[in-house]
Amino acid sequence: MSTHISVPPQLLLERILTLEIVRVTERAAVSAARLRGHGNEKAADQAAVDAMRRELNKLPIEGTVVIGEGERDEAPMLFIGEKVGINAGPKVDIAVDPLEGTTLCAKNMPGSIATMAMADGGTLLHAPDVYMQKIAVGPGYAKGVVELDASPADNVKRLAKAKGVDPSAITVLVLDRPRHADIIQGVRSTGAAVHLITDGDVAGVIHCATPDETGVDMYIGTGGAPEGVLAAVALRCIGGQMQCRLILDTEEKRARAHKMGVTDPKMIYGIEDMAKGDCLFAATGVTTGSLLSGVKFRKDVIQTETVVMRSVTGTVRYIKAEHRQLEKFHLD
Ligand code: VTB
Ligand code: MG
Ligand code: MG
């Protein structure tokens, strides 16, 4: 009996790559997890970077890192512009944050993840490692329900109206930083709740997609631009809205951004401006958090939990893996 596969070759490969990128974030997470609680952010980050790079270089892709660990001169590996993969296969853009929440991992606190995204070549925003203003909500609202330049209080009221609830039923996730004092005060002035996190706004934005489970309706604040693009890829897969603006407050930053193709330094980016084409997103838990369980080292098994998403279908998979050939992990 012959089998007919009705998926075009390019999409078929992309389906296969969905599992391949899980391997990449799994290995990065395991490597970082060995250094949980050691108080050494750099070492944990480096371990994740090394593992991620090694795994990326096994993939059947012609990949270019467009969101990475800084520009070439400061980053020994996974720098922006680095080529990854076996140099055969589809041309893809790669965005990585091998250890998102290095402090969380170093302190063994909840919520650090190993994360990456893959997209059709030339379709991801090339953002320098600068700060970015962000606002995000999940799916199901009319376009423009909240806006980056509206006040936090206004955005809470608009979202509450769209949900048909009182502002006091809204919860906004915010990074706990002094720079967010006005945002926190503005949100609370409406009666809404603020949920503070110390790090980890990629997961933070993803939380907005399932408010009934996470209790988070909206994310507001300034975090890393690389994290913004990774979160945009995730929301492109699962739905939602996001508006972001790079903070290019010095000539040097504007020049760096310009070199990456940013011609309007004040531009507000929606999800489709940051992730224009088909894309995949994966994240594996390093320390247990509200999105994912962390790596568990058992006697003969290493357990990981990964979420992987695909924009073409919007499928979200949670993959709990048990790794048994532990020799291979001793390379990490
Ligand atoms: C956020 C958060 C990251 O950096 O992007 C944040 O998602 C912003 O930077 O997990 P500051 O820490 O400088 O405020 C992290 O906390 C660390 O990468
Ligand atoms: Mg990082
Ligand atoms: Mg990070």
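All ligand and atom numbering here is 1-based and tracks the order in the structure.
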- Note on the structure: For L124 and D93, the nearest pair of non-hydrogen atoms, with its separation, is N-OD2, 3.1 Å
- Item | Which atom of R158 lies closest to which atom of V145, heavy atoms considered |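 Where R158 meets V145 most closely, the heavy atoms are NE-O, 3.0 Å.
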- Task: Would you sort out whether L148 and Q133 count as a side-chain contact (heavy atoms from CB on, under 4.5 Å), showing the intermediate values?
- Result: CA-CA 8 Å; L148 189 63; Q133 298 172 316; 4.1 Å; yes
- Query: Hey, which N, O or S atom on E100 ends up closest to the Mg ion (ligand 3)?
  - Reply: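 Among the N, O or S atoms of E100, the one closest to the Mg ion (ligand 3) is OE1.
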- In E227, the N, O or S atom nearest to the Mg ion (ligand 3) is which? OE2
Can you name the atoms of ligand 1, numbered from 1 with element, that are less than 4.0 Å from a heavy atom of [X]?
X: D199; value: 10 (O), 15 (C), 16 (O), 17 (C)
X: G200; value: 2 (C), 3 (C), 7 (O), 10 (O)
X: D201; value: 1 (C), 2 (C), 5 (O), 7 (O)
X: G224; value: 1 (C), 5 (O), 8 (C)

- Query: What's the shortest distance from atom 18 (O) of ligand 1 to any protein heavy atom, and which residue and atom give it?
  - Reply: E227 OE2, 3.3 Å
- Query: Nearest protein heavy-atom contact for atom 13 (O) of ligand 1: which residue, which atom, what distance?
  - Reply: Y131 OH, 2.4 Å
- Below 4.0 angstrom, N of the basic side chain to O of the carboxylate: do D199 and R177 qualify?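 The answer is yes: the pair qualifies as a salt bridge.
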- Residues E55, K58: salt bridge by 4.0 Å N-O rule: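 Counted as a salt bridge, because a side-chain N and a carboxylate O are separated by less than 4.0 Å.
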- Would you tell me which option among E100, R177, M132, R179 has the nearest heavy-atom contact to atom 3 (C) of ligand 1? E100
- Query: Would one find an N, O or S atom of D97, in either backbone or side chain, under 2.8 Å from the Mg ion (ligand 2)?
  - Reply: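 True for D97.
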- Any side-chain donor paired with an acceptor under 3.5 Å for H258 and T263? no
- Message: Counting only heavy atoms closer than 4.0 Å, does ligand 1 sit against the backbone of L175, its side chain, both, or neither?
- Response: side chain
- Item | K163 atom NZ, over 12 foreign heavy atoms within 6.0 Å |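 Count over threshold, so yes.
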- Stepwise side chain to side chain donor-acceptor pair (under 3.5 Å) test for T287 and S112: CA-CA 5 Å; T287 53; S112 57; 2.8 Å; yes
